[in-house]
Amino acid sequence: MDYDLKVFLTICDDFMSLSLFFKDGLFDNSCFILNEHSEGIKWAKTLFEKFFEKSVRVL
């Protein structure tokens with residue numbers, strides 16, 4: 001099943017940050033998931049890779 005899931009994902013050396021969009025497509029800047037642990041950063045990198053694999057190149 002395909003989903004049109006939109007996320008705001010930031011990955012740095014020291015932390016990761018994730019926020020989701022509302023169902024109507026507006027960005028929810030009131031709630032973020034932050035994680036400074038190596039496992040959280042690793043999870044975010046895996047999530048990014050999954051999105052990257054499903055992406056379509058736009059020219």
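A quick note: this is a predicted structure, and the numbers were derived from the prediction, not measured. In what follows, every heavy atom counts, from backbone to side chain, and hydrogens, waters and symmetry copies are set aside.
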Give, for atom CZ of Phe22 and atom CZ of Phe27, the distance between the pair rounded to the nearest 0.5 Å. 9.5 Å

In this structure, CZ of Phe15 is separated from OG1 of Thr10 (nearest 0.5 Å) by 6.5 Å

In a table with atom names and distances, give each donor-acceptor pair under 3.5 Å that connects a side chain of residues 28-38 to protein atoms at least two apart or in another chain.
unit_1: Asp28; atom_1: OD1; unit_2: Ser30; atom_2: N; d: 3.0
unit_1: Asp28; atom_1: OD1; unit_2: Ser30; atom_2: OG; d: 2.5
unit_1: Asn35; atom_1: OD1; unit_2: His37; atom_2: N; d: 2.7

Shortest non-hydrogen contact from [X] toward [Y]:
{"X": "Leu18", "Y": "Trp43", "value": "CD2-CH2, 4.0 Å"}
{"X": "Ser55", "Y": "Phe52", "value": "OG-O, 2.6 Å"}
{"X": "Met16", "Y": "Gly40", "value": "CG-O, 3.5 Å"}

For Phe48, I'd like to know if atom CZ has over 12 heavy atoms of other residues, nucleotides or ligands within 6.0 Å. no

Taking atom CG of Asp24 as the centre, report whether more than 12 heavy atoms of other residues, nucleotides or ligands fall under 6.0 Å from it. yes

Same apolar cluster: Phe8 and Phe51, side chain cutoff 4.5 Å: no

